[in-house]
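What follows is one structure encoded as structure tokens, with my remarks underneath.
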Amino acid sequence: MCVNIVRSFCVLIVAAFVTCASAQAQKRVALVIGNSAYKSVPKLANPANDAGLIGGTLKKAGFDAVDVRQDLSAPEMRKALREFGTRTRDADVAVIYYAGHGMEVDGTNYLIPTDAALETDTDVYDEALPIDRVLVSIEPAKQLRLVILDACRDNPFAKTMKRTVASRAIGRGLAKVEPTTPNTMIAFAAKAGSTASDGGDSRNSPFAVALSDHLPKPGLDLRKAFGFVRDDVLKSTGNKQEPFVYGSLGGDDVPLVPAKPVATGPQANPQSELRRDYELALQLGTRDGWEAFLAQYPEGFYANLAKGQLNKIAAEETRASAEQKAKAAEQEKARLIAERAQKAEQEKAAAAAKAAEDARIAAEKQKQIEQAKAEAAEHQRKLAEAAAAKALAEKQAAEKAKAELAARQAAEKAEQAAKPAADRQLPEVENQKVAALSPGPTSTLSAAELSKSVQSELRRVGCLTASAESEWSSAAQRSLTLFNKYAGTQFDVKLVSVDALDALKAKSGRVCPLVCNFGFKADGDQCVKITCRSGYRVGEDNECEKIPEKKPVATREESRRRDQDRKSAESASPKSQASGQMVCNGAGCRPVGKGCRLGAVKDNRGIMVTTEVCN
């Protein structure tokens, strides 16, 4: 079921691009080749993935025919180029993308099939395909011929290849190419003489990712698109890899994907379609679904949400890859231990296993972060939609209330018209008062009724605490001022009006906040007294706080009284002491000696002290 939905979603997007291409009367064809599984050298990780990415990008961009081939031998590559050359004879735009190994020998660039051995330098002429063979395949195209080579990777064949002639040059990377036919461009993943990154632990090379981001943009000139690709690759590789383009085009813009035609006449609401497509992609929850959504809606709020979902999927893929590497490292560690490997190799394997496990843990954390971001963004989307629905409901309620008021006023007006003219006339002074209070010509309420109705509504929305009265008092004016402040209106507070009554009736709940006196707090629409537990009291911020403990403080009068008592005791005249008196000092206490008595004398500091005085 999910596969059918994804296919239907992608078909709709591709159909939209095909419609744009038909409007420009262009036929566009492409051949995409990705060689990863080489037989004589280690396998490349990403060319097959890069071919799938670029092929899917061109299909979504509305190309009439996109032929994606992977891991081709030399005969298979020649056959693919021959068949593609037949398709380009009636095409306006022809594109060839190649990802895999390539090499330069004596100034000529060669694309290397998966079955090439290249034991000697002369084998390249028989086992590899020169770039000129690729250019011949796209030569019949009428307007644009484009060759994209993601083949500047470090060449492992050059390290083992035997030289039959010492002077034959085998370059690093690919050599510069100048097309001989007009409107032909050749794009290299890295400039002549340098190598390109295969992408490392990523699923795709930096060059392929940048191509998929910029080439399918409708109406973007091809030269500008490759400029953006260059900037992205330099940034992602730390300025180590610089893509380069050879060839020239005319003065007019040459987009790979024509600009979308401007819609005329009545159109369906694009936001509803966008949201429906987003929710469909959300139900699918696959990378293909989100990439198809972004191809259709590359910018905006929902595009950012979709990018967040892609980041979450990428984090999960990274986590799964890290987990696989961790398992492989553990298996390698077990194998080395089983084979009684040297201690150094065991430690190296253990370190690799630990590093792989750390990478898996980091990837798991990143996945959780991206998942949290995606869930938060999805929550914000739902809140925004709920707020929009609430605003629409309030608007409809206000319009309904206004219509009901107008109908009631019309009915009252008709009833007044049925009464005698004499009963309907008001005194001159009363007429002036009504005109001053209610200038609206459509109101049939009296001044007193209008004032009381407005004050009743002000009480309902929480802006008036007093009772509704027939007079428009200063308290009513202050309450309308509060309503203007919190509802964002600008009614004249000195005059009561039908417009103010309509605005008040349109509010379904409280508008002015509930303000309570000190010692009370708001509880719904009522003020309740704040109750603090034992040892606490209501503080200045209207919150419970702990009561500080009181410490005894000596007063100045008590201190003065103690000083006077001490001085009086010290200055008192000595009295005759009876037998049995005791004298005390630092060594202890003893009886006063015979013939001695206790007396007050000054010490060396001039302070009176009590001591033993003997004759």
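The basis for the numbers below is simple: all heavy atoms, side chains too, and nothing from hydrogens, waters or symmetry mates.
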Answer yes if the side chains of Asn204 and Asp50 hold a donor-acceptor pair under 3.5 Å, and no otherwise. yes
Quick test of your reading of the model: are Arg360 and Glu357 salt-bridged, counting only N-O distances below 4.0 Å? yes
Counting only N and O atoms by type, is there a donor-acceptor contact under 3.5 Å from the side chain of Ser479 to the main-chain atoms of Ala476? yes
Identify whether the distance between the nearest side-chain nitrogen and carboxylate oxygen of Glu242 and Arg230 falls below 4.0 Å. yes
Hey, are Gln143 and Gln26 close enough side-chain-wise for a donor-acceptor pair under 3.5 Å? yes
Asp502 side chain vs Ala401 backbone, donor-acceptor pair below 3.5 Å: no
Just by distance, no angles: are the side chains of Tyr297 and Glu273 close enough, under 3.5 Å, to form a donor-acceptor pair? no
For the side chain of Arg460 and the backbone of Lys507, is there at least one donor-acceptor N/O pair under 3.5 Å apart? yes
State whether Asp221 and Arg223 are salt-bridged, where the test is any N-O pair (Lys NZ or Arg NE/NH1/NH2 against Asp/Glu carboxylate O) under 4.0 Å. yes
Would you say Ser205 and Asn46 are linked by a side-chain donor-acceptor pair, where the criterion is simply a distance under 3.5 Å? no
Could you check whether the rings of Phe293 and Trp290 sit parallel, tilted or perpendicular, using 30° and 60° as the cut-offs? perpendicular
Does Lys521 have more than 12 heavy atoms from other residues, nucleotides or ligands lying within 6.0 Å of its NZ? no
Does Arg28 use its side chain to pair, donor to acceptor, with the backbone of Leu256 at less than 3.5 Å? yes
Main-chain N/O of Arg203 paired with Asn49 side-chain donor or acceptor, under 3.5 Å: yes
Quick check: are there more than 12 heavy atoms from other residues, nucleotides or ligands sitting under 6.0 Å from NZ of Lys452? no
Polar side-chain atom of Asp92 near backbone of Leu144 as donor-acceptor pair, under 3.5 Å: no
If the plane angle is over 60° it's perpendicular, under 30° parallel, otherwise tilted; pick one for His214 and Phe228. tilted
If only side-chain N and O atoms count, and only distance matters, is there a donor-acceptor pair under 3.5 Å linking Gln455 with Ser451? yes
Report, as yes or no, whether the 6.0 Å neighbourhood of atom NZ on Lys217 holds more than 12 heavy atoms from other residues, nucleotides or ligands. yes
Let me check something: any side-chain donor-acceptor pairs from residues 528-538 under 3.5 Å, sequence neighbours excluded? List them with distances.
unit_1	atom_1	unit_2	atom_2	d
Arg533	NH2	Tyr536	OH	3.0

Could you tell me whether the side chains of Gln366 and Glu370 share a donor-acceptor contact shorter than 3.5 Å? yes
Is any NZ, NE, NH1 or NH2 atom of the basic residue among Lys312 and Glu316 found under 4.0 Å from an Asp or Glu carboxylate oxygen of the other? no
